[in-house]
Amino acid sequence: MKSMDAEQGASPYRVWPAEPASFSTRRMSPLRHNINEHPLFQLSALQALAHELMPAGQCRFQRPGATQGSAFVHEPKHPQGLSIDEVFARMEEPGSWLALYNVETIPRYQAALDRIIDDLRPVIEPEQPGIFLVTGFIFISAPPSVTPFHIDRENNFWLQLRGRKTMNVWDCADREVIPAPGVEGFIAGGVQTPYQESFRARSSEFNTGPGDGVYFPSTSPHMTRTDTSWVKPGDGISISLGVNFYTSVTRRTAQVHQFNRILRRMGMSPSYPGQSAAMDSLKAPLGHWIAAARYRRLGAKAPPGAY
Ligand SMILES: [Fe+2]
(Lines give C-alpha, C1' and ligand atoms only; values in the text may rest on other atoms or scores of the structure.)
Protein backbone atom coordinates (compact mmCIF):
# COMPACT_ATOMS: atom_id res chain seq x y z
CA MET A 1 0.00 0.00 0.00
CA LYS A 2 1.30 3.43 -0.88
CA SER A 3 2.27 5.43 2.19
CA MET A 4 -0.01 8.38 2.89
CA ASP A 5 2.99 10.21 4.33
CA ALA A 6 4.62 10.10 0.92
CA GLU A 7 1.54 11.74 -0.57
CA GLN A 8 0.68 14.24 2.15
CA GLY A 9 3.87 14.79 4.14
CA ALA A 10 4.35 13.57 7.70
CA SER A 11 1.28 13.97 9.88
CA PRO A 12 1.67 16.51 12.68
CA TYR A 13 -0.69 14.36 14.82
CA ARG A 14 0.91 11.12 15.88
CA VAL A 15 0.94 8.25 18.37
CA TRP A 16 4.13 6.51 19.46
CA PRO A 17 5.12 3.84 22.02
CA ALA A 18 6.33 5.35 25.30
CA GLU A 19 8.79 2.45 25.58
CA PRO A 20 9.79 1.75 21.96
CA ALA A 21 12.41 -0.89 22.76
CA SER A 22 9.91 -3.19 24.47
CA PHE A 23 6.77 -2.43 22.44
CA SER A 24 4.96 -5.47 21.10
CA THR A 25 1.48 -5.82 19.61
CA ARG A 26 1.09 -8.94 21.78
CA ARG A 27 0.94 -7.14 25.13
CA MET A 28 -0.25 -3.92 26.71
CA SER A 29 2.13 -0.99 26.50
CA PRO A 30 2.03 2.72 27.42
CA LEU A 31 1.76 5.26 24.61
CA ARG A 32 2.37 8.94 24.01
CA HIS A 33 0.57 11.05 21.42
CA ASN A 34 -0.54 14.56 20.44
CA ILE A 35 -3.93 13.60 19.00
CA ASN A 36 -5.43 15.85 21.71
CA GLU A 37 -4.29 18.80 19.54
CA HIS A 38 -6.05 17.47 16.41
CA PRO A 39 -8.87 19.84 15.31
CA LEU A 40 -11.28 16.92 14.69
CA PHE A 41 -11.05 15.79 18.33
CA GLN A 42 -11.91 19.11 20.01
CA LEU A 43 -15.22 19.26 21.88
CA SER A 44 -16.95 21.54 19.33
CA ALA A 45 -15.94 19.23 16.46
CA LEU A 46 -17.22 16.25 18.44
CA GLN A 47 -20.57 17.98 18.93
CA ALA A 48 -20.90 18.34 15.14
CA LEU A 49 -19.85 14.70 14.77
CA ALA A 50 -22.46 13.59 17.32
CA HIS A 51 -25.19 15.24 15.22
CA GLU A 52 -24.02 13.24 12.21
CA LEU A 53 -23.89 9.94 14.13
CA MET A 54 -27.14 10.29 16.09
CA PRO A 55 -29.57 9.24 13.30
CA ALA A 56 -27.75 5.92 12.84
CA GLY A 57 -27.81 5.14 16.56
CA GLN A 58 -24.05 5.65 16.90
CA CYS A 59 -24.40 8.08 19.82
CA ARG A 60 -24.52 5.79 22.81
CA PHE A 61 -25.80 6.76 26.26
CA GLN A 62 -25.31 5.03 29.59
CA ARG A 63 -27.94 4.95 32.30
CA PRO A 64 -26.97 6.74 35.53
CA GLY A 65 -25.53 4.56 38.27
CA ALA A 66 -23.29 2.29 36.17
CA THR A 67 -20.30 0.83 38.01
CA GLN A 68 -17.17 -0.89 36.71
CA GLY A 69 -18.89 -4.15 37.57
CA SER A 70 -22.07 -3.32 35.62
CA ALA A 71 -22.85 -4.98 32.33
CA PHE A 72 -21.52 -2.72 29.56
CA VAL A 73 -24.94 -1.56 28.39
CA HIS A 74 -25.56 1.59 26.39
CA GLU A 75 -28.50 2.83 24.40
CA PRO A 76 -29.03 5.04 21.33
CA LYS A 77 -31.23 7.53 23.25
CA HIS A 78 -30.47 9.71 26.26
CA PRO A 79 -32.15 8.22 29.36
CA GLN A 80 -33.87 11.56 30.14
CA GLY A 81 -34.55 12.37 26.49
CA LEU A 82 -31.98 15.18 26.14
CA SER A 83 -31.03 16.34 22.64
CA ILE A 84 -27.41 16.25 21.46
CA ASP A 85 -27.03 19.99 22.00
CA GLU A 86 -28.48 19.68 25.51
CA VAL A 87 -26.13 16.80 26.27
CA PHE A 88 -23.12 18.88 25.23
CA ALA A 89 -24.37 22.01 27.05
CA ARG A 90 -24.64 19.96 30.24
CA MET A 91 -21.59 17.75 29.69
CA GLU A 92 -19.76 19.05 32.78
CA GLU A 93 -22.55 17.85 35.04
CA PRO A 94 -21.27 15.02 37.25
CA GLY A 95 -21.82 11.58 35.76
CA SER A 96 -22.41 12.71 32.15
CA TRP A 97 -21.50 9.98 29.67
CA LEU A 98 -21.65 9.91 25.87
CA ALA A 99 -19.89 7.52 23.52
CA LEU A 100 -19.54 8.06 19.78
CA TYR A 101 -19.37 4.67 18.06
CA ASN A 102 -17.72 3.83 14.75
CA VAL A 103 -16.74 7.40 13.95
CA GLU A 104 -14.91 6.01 10.89
CA THR A 105 -18.29 5.98 9.13
CA ILE A 106 -17.77 9.74 8.70
CA PRO A 107 -15.13 10.13 5.96
CA ARG A 108 -13.06 12.89 7.57
CA TYR A 109 -12.75 10.78 10.74
CA GLN A 110 -11.94 7.68 8.72
CA ALA A 111 -9.10 9.61 7.09
CA ALA A 112 -7.78 10.80 10.46
CA LEU A 113 -7.89 7.29 11.97
CA ASP A 114 -6.27 5.70 8.92
CA ARG A 115 -3.53 8.31 9.15
CA ILE A 116 -2.85 7.40 12.80
CA ILE A 117 -2.62 3.69 12.00
CA ASP A 118 -0.61 4.33 8.86
CA ASP A 119 2.03 6.03 11.00
CA LEU A 120 2.09 3.03 13.33
CA ARG A 121 2.47 0.37 10.62
CA PRO A 122 6.21 -0.01 11.26
CA VAL A 123 5.51 -1.18 14.83
CA ILE A 124 2.40 -3.25 13.97
CA GLU A 125 3.10 -5.07 10.73
CA PRO A 126 6.26 -7.01 11.63
CA GLU A 127 4.14 -8.94 14.17
CA GLN A 128 0.64 -8.46 12.81
CA PRO A 129 0.37 -7.94 9.04
CA GLY A 130 -2.93 -7.67 7.22
CA ILE A 131 -4.38 -4.65 9.04
CA PHE A 132 -8.06 -4.15 8.18
CA LEU A 133 -11.05 -2.15 9.35
CA VAL A 134 -9.65 0.74 11.38
CA THR A 135 -12.43 2.00 13.64
CA GLY A 136 -12.80 4.80 16.18
CA PHE A 137 -14.73 5.05 19.44
CA ILE A 138 -14.83 8.30 21.43
CA PHE A 139 -15.89 8.49 25.08
CA ILE A 140 -16.90 11.86 26.53
CA SER A 141 -17.76 12.00 30.22
CA ALA A 142 -17.74 14.02 33.40
CA PRO A 143 -16.63 12.38 36.63
CA PRO A 144 -17.62 10.40 38.47
CA SER A 145 -18.15 8.01 35.59
CA VAL A 146 -16.99 4.61 34.42
CA THR A 147 -16.67 2.32 31.46
CA PRO A 148 -17.46 -1.17 32.79
CA PHE A 149 -15.14 -4.17 32.53
CA HIS A 150 -15.20 -5.83 29.10
CA ILE A 151 -13.16 -7.29 26.26
CA ASP A 152 -13.18 -6.39 22.56
CA ARG A 153 -12.30 -8.23 19.38
CA GLU A 154 -9.90 -5.58 18.10
CA ASN A 155 -6.45 -4.37 19.00
CA ASN A 156 -6.73 -0.92 20.55
CA PHE A 157 -4.58 2.19 20.61
CA TRP A 158 -6.45 3.90 23.43
CA LEU A 159 -5.67 7.62 23.81
CA GLN A 160 -6.61 10.09 26.53
CA LEU A 161 -7.41 13.42 24.84
CA ARG A 162 -8.74 15.71 27.57
CA GLY A 163 -9.14 15.61 31.34
CA ARG A 164 -8.02 12.58 33.30
CA LYS A 165 -9.04 8.95 33.32
CA THR A 166 -7.78 5.82 35.05
CA MET A 167 -7.54 2.79 32.77
CA ASN A 168 -7.16 -0.72 34.15
CA VAL A 169 -5.96 -3.32 31.65
CA TRP A 170 -5.38 -7.03 32.14
CA ASP A 171 -2.98 -9.17 30.18
CA CYS A 172 -4.83 -10.84 27.30
CA ALA A 173 -3.09 -14.07 28.37
CA ASP A 174 -4.47 -13.96 31.95
CA ARG A 175 -6.74 -17.00 32.02
CA GLU A 176 -7.51 -16.49 35.74
CA VAL A 177 -9.48 -13.36 34.89
CA ILE A 178 -11.20 -14.66 31.76
CA PRO A 179 -10.84 -18.44 31.35
CA ALA A 180 -10.65 -19.79 27.79
CA PRO A 181 -14.39 -20.65 27.62
CA GLY A 182 -15.17 -17.03 28.50
CA VAL A 183 -13.04 -15.73 25.62
CA GLU A 184 -14.65 -18.24 23.25
CA GLY A 185 -18.12 -17.25 24.47
CA PHE A 186 -17.36 -13.64 23.64
CA ILE A 187 -15.77 -14.30 20.25
CA ALA A 188 -18.53 -16.67 19.14
CA GLY A 189 -21.51 -15.20 20.96
CA GLY A 190 -20.65 -11.73 22.26
CA VAL A 191 -21.10 -12.80 25.89
CA GLN A 192 -18.95 -10.85 28.37
CA THR A 193 -17.46 -12.37 31.52
CA PRO A 194 -18.81 -10.61 34.65
CA TYR A 195 -16.35 -8.51 36.68
CA GLN A 196 -15.21 -9.60 40.11
CA GLU A 197 -13.47 -7.14 42.43
CA SER A 198 -10.78 -9.77 43.05
CA PHE A 199 -9.63 -9.21 39.44
CA ARG A 200 -8.45 -5.66 40.15
CA ALA A 201 -5.15 -6.62 41.80
CA ARG A 202 -4.13 -8.53 38.64
CA SER A 203 -4.54 -5.47 36.39
CA SER A 204 -2.12 -2.75 35.36
CA GLU A 205 -3.45 0.68 36.22
CA PHE A 206 -2.69 3.68 34.01
CA ASN A 207 -3.49 7.13 35.40
CA THR A 208 -3.75 9.12 32.19
CA GLY A 209 -4.01 12.73 31.05
CA PRO A 210 -3.88 14.41 27.63
CA GLY A 211 -1.01 12.95 25.60
CA ASP A 212 -1.07 9.58 27.41
CA GLY A 213 -2.42 6.33 26.06
CA VAL A 214 -2.30 2.57 26.32
CA TYR A 215 -2.02 -0.03 23.60
CA PHE A 216 -3.71 -3.35 24.36
CA PRO A 217 -4.29 -6.35 22.14
CA SER A 218 -7.56 -8.04 21.22
CA THR A 219 -9.36 -9.67 24.20
CA SER A 220 -7.38 -7.78 26.87
CA PRO A 221 -9.93 -7.04 29.61
CA HIS A 222 -10.17 -3.33 30.43
CA MET A 223 -12.29 -0.77 32.27
CA THR A 224 -12.01 2.93 33.07
CA ARG A 225 -13.04 5.36 35.76
CA THR A 226 -12.79 9.11 36.27
CA ASP A 227 -12.91 10.71 39.68
CA THR A 228 -13.45 14.35 40.60
CA SER A 229 -9.97 15.05 42.07
CA TRP A 230 -8.67 16.90 38.99
CA VAL A 231 -11.84 18.82 38.15
CA LYS A 232 -11.72 22.63 38.08
CA PRO A 233 -14.36 25.08 36.84
CA GLY A 234 -14.23 24.93 33.03
CA ASP A 235 -12.04 21.81 33.11
CA GLY A 236 -14.20 18.89 34.05
CA ILE A 237 -14.67 16.83 30.91
CA SER A 238 -12.75 13.68 30.11
CA ILE A 239 -12.41 12.58 26.48
CA SER A 240 -10.73 9.45 25.23
CA LEU A 241 -10.40 7.84 21.81
CA GLY A 242 -9.98 4.19 20.99
CA VAL A 243 -8.33 3.64 17.60
CA ASN A 244 -9.13 0.00 16.95
CA PHE A 245 -8.04 -2.32 14.18
CA TYR A 246 -8.09 -5.95 13.14
CA THR A 247 -5.25 -7.90 11.58
CA SER A 248 -4.70 -11.30 10.02
CA VAL A 249 -3.58 -12.37 13.53
CA THR A 250 -6.77 -11.20 15.31
CA ARG A 251 -8.87 -12.92 12.63
CA ARG A 252 -6.95 -16.18 12.78
CA THR A 253 -7.07 -16.20 16.59
CA ALA A 254 -10.84 -15.69 16.41
CA GLN A 255 -11.12 -18.62 13.99
CA VAL A 256 -9.24 -20.87 16.43
CA HIS A 257 -11.53 -19.76 19.28
CA GLN A 258 -14.56 -20.60 17.12
CA PHE A 259 -13.29 -24.14 16.63
CA ASN A 260 -12.11 -24.54 20.24
CA ARG A 261 -15.63 -23.72 21.40
CA ILE A 262 -16.95 -26.69 19.46
CA LEU A 263 -14.24 -28.99 20.81
CA ARG A 264 -14.99 -27.83 24.36
CA ARG A 265 -18.68 -28.61 23.88
CA MET A 266 -17.60 -32.10 22.93
CA GLY A 267 -15.83 -32.41 26.29
CA MET A 268 -12.28 -31.69 25.14
CA SER A 269 -9.78 -29.16 26.52
CA PRO A 270 -8.27 -27.61 23.38
CA SER A 271 -4.98 -25.73 23.36
CA TYR A 272 -5.35 -21.94 23.51
CA PRO A 273 -4.60 -20.06 20.26
CA GLY A 274 -0.86 -19.52 19.99
CA GLN A 275 0.11 -22.56 22.07
CA SER A 276 0.52 -24.83 19.06
CA ALA A 277 1.15 -23.40 15.60
CA ALA A 278 0.43 -26.79 14.04
CA MET A 279 -2.91 -27.17 15.80
CA ASP A 280 -3.86 -23.56 15.00
CA SER A 281 -3.19 -24.26 11.30
CA LEU A 282 -5.66 -27.11 11.40
CA LYS A 283 -8.27 -25.37 13.51
CA ALA A 284 -8.38 -21.92 11.85
CA PRO A 285 -9.97 -22.98 8.52
CA LEU A 286 -12.43 -25.24 10.36
CA GLY A 287 -13.32 -22.43 12.76
CA HIS A 288 -13.90 -20.13 9.81
CA TRP A 289 -16.16 -22.66 8.13
CA ILE A 290 -18.15 -23.48 11.29
CA ALA A 291 -18.72 -19.83 12.19
CA ALA A 292 -19.70 -18.88 8.64
CA ALA A 293 -22.23 -21.73 8.61
CA ARG A 294 -23.60 -20.71 12.00
CA TYR A 295 -24.16 -17.07 11.00
CA ARG A 296 -25.77 -18.23 7.73
CA ARG A 297 -28.11 -20.52 9.65
CA LEU A 298 -29.01 -17.76 12.10
CA GLY A 299 -29.49 -15.25 9.29
CA ALA A 300 -27.34 -12.90 11.41
CA LYS A 301 -24.61 -10.52 10.37
CA ALA A 302 -21.31 -11.57 11.93
CA PRO A 303 -19.35 -8.95 13.84
CA PRO A 304 -16.26 -7.83 11.91
CA GLY A 305 -13.28 -10.12 12.33
CA ALA A 306 -15.35 -12.78 14.12
CA TYR A 307 -14.10 -15.63 11.92
FE1 LIG B 1 -13.30 -1.46 24.95
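Whatever order the structure lists ligands and atoms in, that order sets their numbers, starting from 1.
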Exercise for the section: Taking only Lys NZ, Arg NE, NH1 and NH2, and the carboxylate oxygens of Asp or Glu, determine whether Glu184 and Arg265 approach each other closer than 4.0 Å. Expected result: no
Exercise for the section: May I ask you to decide whether Arg202 forms a salt bridge with Asp174, counting only side-chain N to carboxylate O separations under 4.0 Å? Expected result: yes
Per-pair distances, 0.1 Å, donor-acceptor, side chain in residues 282-294, under 3.5 Å, sequence neighbours excluded:
residue	atom	partner	partner atom	Å
Lys283	NZ	Asn260	OD1	2.9
Lys283	NZ	Ser271	O	3.0
Lys283	NZ	Ser271	OG	3.2
Arg294	NH1	Gln258	OE1	3.3
Arg294	NH2	Ala188	O	3.1
Arg294	NH2	Gln258	OE1	3.1

Problem - Distance below 2.8 Å from the Fe ion (ligand 1): protein N/O/S atoms - result: His150 NE2, Asp152 OD2, His222 NE2
Run the side-chain donor-acceptor check on residues 40-48: report pairs under 3.5 Å with partners two or more places apart or on a different chain.
residue	atom	partner	partner atom	Å
Gln42	NE2	Asn36	O	2.8
Gln42	NE2	His38	O	2.8
Gln47	NE2	Asp85	OD1	2.8

Practice task
Check the pair Asp212, Arg32 against salt bridge (Lys or Arg N to Asp or Glu O under 4.0 Å), reporting the backbone distance first and the verdict last.
Solution key: CA-CA 5 Å; Asp212 297 325; Arg32 295 288 300 158; 2.4 Å; yes
Problem - Qualifying ring pair (Phe, Tyr, Trp, His ring centres under 6.0 Å) pairs with a residue from residues 261-286, counting only residues at least two apart or across chains - result: His257-Tyr272
